[in-house]
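Presented below is the structure to which this report refers.
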Amino acid sequence: MINLHYQLQSLTMDRIDTLDKKILNIIMKNARIASKDVALECGVSRAAIHQRIQRLIEMKVITGSGYNVNPKALGYNTCTYVGVSLEKGSMYREVVQELEKIPEVVECHFTTGPYSMLIKVYAQDNQHLMELLNDQIQHIAGVTETETLISLEQSMNRQIYIKVD
């Protein structure tokens, strides 16, 4: 199964050329940029840009679009990363289904190392965080313990670097 994953990934990378990479670098910096401006910067037609973007979406290279919302502007002043230990790693999918019911949980990763999972949580303040941990997250069947790391400041937030040939 893992071999198939890497074969599919390799096929995708083989189908992405220099123009695709240029387009990706441009739209990652500004998802709202007009196709005509991308076309001008790349030296191709607007129709070509539109077709390329559609193909990249179909290939699942582009997986979403939208606006980035500042959680602090909405009153979520505490950003935390929570290491979650599970009774058994095989409980991961069931625990994820329960975490999806908690809107303040915005990311979830199945990990190696000291935790089974690492989740990112936004809370309004420390009291709200304590309620999320004690009343919700730690009550999920299979969760044996949590360790909370509070982010003091986000110093960097960017997309993956795409090297253009």
Side-chain angles (χ1 to χ4, degrees), residues 1-2 4-6 8-9 12-13 16 20-21 23-35 37-38 50 52-163:
M1 186 65 157
I2 292 175
L4 178 62
H5 171 76
Y6 287 110
L8 290 173
Q9 190 177 27
T12 299
M13 283 307 298
I16 297 174
D20 292 327
K21 292 175 183 177
I23 294 167
L24 287 168
N25 279 326
I26 293 166
I27 64 175
M28 282 191 309
K29 289 178 190 156
N30 179 4
R32 298 188 299 176
I33 190 169
S35 294
D37 295 334
V38 177
H50 180 73
R52 292 289 185 123
I53 289 174
Q54 285 306 119
R55 186 173 60 80
L56 291 166
I57 290 169
E58 290 167 11
M59 293 170 57
K60 299 194 184 322
V61 174
I62 297 174
T63 58
S65 63
Y67 299 102
N68 293 322
V69 176
N70 179 358
K72 287 185 178 186
L74 299 175
Y76 290 87
N77 296 305
T78 304
C79 174
T80 62
Y81 294 88
V82 181
V84 179
S85 298
L86 302 178
E87 266 177 54
K88 297 183 290 189
S90 62
M91 300 179 83
Y92 174 73
R93 285 180 179 77
E94 291 82 14
V95 172
V96 169
Q97 288 177 345
E98 295 303 310
L99 289 170
E100 287 175 336
K101 297 175 185 176
I102 305 170
E104 293 88 350
V105 177
V106 297
E107 285 185 31
C108 178
H109 303 268
F110 192 31
T111 61
T112 61
Y115 313 114
S116 305
M117 306 167 73
L118 186 64
I119 61 175
K120 184 176 182 179
V121 179
Y122 282 106
Q124 294 167 349
D125 52 33
N126 289 349
Q127 179 66 36
H128 182 213
L129 175 62
M130 190 172 73
E131 291 167 7
L132 289 168
L133 291 167
N134 294 341
D135 300 338
Q136 294 186 55
I137 296 168
Q138 293 172 351
H139 282 271
I140 297 172
V143 172
T144 58
E145 66 180 273
T146 61
E147 182 175 352
T148 305
L149 306 163
I150 295 177
S151 171
L152 300 175
E153 177 184 306
Q154 181 178 357
S155 304
M156 197 168 79
N157 181 13
R158 64 181 176 192
Q159 295 287 319
I160 190 74
Y161 172 75
I162 299 172
K163 182 179 177 187

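For this chain, numbers begin at 1 and follow the sequence in order. Side chains are part of it too, since the values below use all heavy atoms of this structure and drop only hydrogens, waters and symmetry mates.
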Check: Closest heavy-atom contact between Leu132 and Ala123?
Finding: CD1-CB, 4.1 Å
Item checked: Reported CD1-to-CD distance for the pair Ile140 and Glu94, which is rounded to 0.5 angstrom -> 12.0 Å
Next item on the list: State whether Glu58 and Arg55 are salt-bridged, where the test is any N-O pair (Lys NZ or Arg NE/NH1/NH2 against Asp/Glu carboxylate O) under 4.0 Å.
Entry: no
Check: Are Val95 and Met117 side-chain neighbours, meaning at least one heavy-atom pair lies under 4.5 Å?
Finding: yes
Margin query: Please give me the minimum heavy-atom distance between Ile33 and Val38, naming the atom from each residue.
Written below: CG2-CG2, 3.5 Å
Check: Say you draw a straight line from CD of Glu107 to CG of Leu99; how long is it, rounded to the nearest 0.5 Å?
Finding: 12.5 Å
Margin query: If you compare all heavy atoms of Cys79 against all heavy atoms of Lys120, which two are closest, and at what distance to 0.1 Å?
Written below: SG-CE, 3.7 Å
Note to self: As an exercise, state the distance from CD1 of Ile23 to CD1 of Ile53, rounded to the nearest 0.5 Å.
What the structure shows: 6.0 Å
Next item on the list: Answer yes or no: is there a side-chain heavy-atom contact under 4.5 Å between Thr146 and Ile119?
Entry: no
Notebook entry, point to check: With side chains defined as the heavy atoms from C-beta onward, is the minimum distance between Tyr122 and Lys72 less than 4.5 Å?
Noted result: no
Item checked: Over 12 non-hydrogen atoms of neighbours within 6.0 angstrom of CG in Asn68 -> no
Item checked: Test item: side-chain donor near acceptor, Glu147 and Tyr115, under 3.5 Å -> yes
Checklist line | Side chain His139, main chain Asn134, donor-acceptor under 3.5 Å | finding: yes
Next item on the list: Specify the closest pair of heavy atoms between Tyr76 and His128, including all atoms of both residues, with the distance to one decimal.
Entry: CE2-CE1, 4.0 Å
Next item on the list: Return yes if some donor-acceptor pair links the side-chain N/O of Thr144 with the main-chain N/O of Ser85 below 3.5 Å, else return no.
Entry: yes
Next item on the list: Would you give the length of the straight line joining atom OG of Ser116 to atom CD of Glu87, rounded to the nearest 0.5 angstrom?
Entry: 10.5 Å
Notebook entry, point to check: Does the pair Thr78 and Asn126 meet the rule for a side-chain contact (heavy atoms from CB on, under 4.5 Å), with working shown?
Noted result: CA-CA 7 Å; Thr78 304; Asn126 289 349; 3.8 Å; yes
Note to self: Closer than 3.5 angstrom, by distance alone: can the side chain of Thr80 be matched with the main-chain N or O of Val121 as a donor-acceptor pair?
What the structure shows: yes
Item checked: Contact check, side chains of Ile16 and Met59, non-hydrogen atoms, under 4.5 Å -> yes
Check: Hey, what do you get for CG (Asn25) to CD1 (Ile160), rounding to the nearest 0.5 Å?
Finding: 11.0 Å
Note to self: Before you tell me yes or no, could you show the steps for Ile27 and Ile62 under side-chain contact (heavy atoms from CB on, under 4.5 Å), namely the whole-Å CA-CA distance, both residues' side-chain angles and the distance that decides it to 0.1 Å?
What the structure shows: CA-CA 10 Å; Ile27 64 175; Ile62 297 174; 3.7 Å; yes
Checklist line | Value rounded to 0.5 Å, distance of CD1 in Ile137 from CD in Glu98 | finding: 12.0 Å
Next item on the list: Quick one: sort the Phe110 and Tyr92 rings into parallel, tilted or perpendicular, breaks at 30° and 60°.
Entry: parallel
Checklist line | Beyond-backbone contact of Ile162 with Met28, side-chain heavy atoms, under 4.5 angstrom | finding: yes
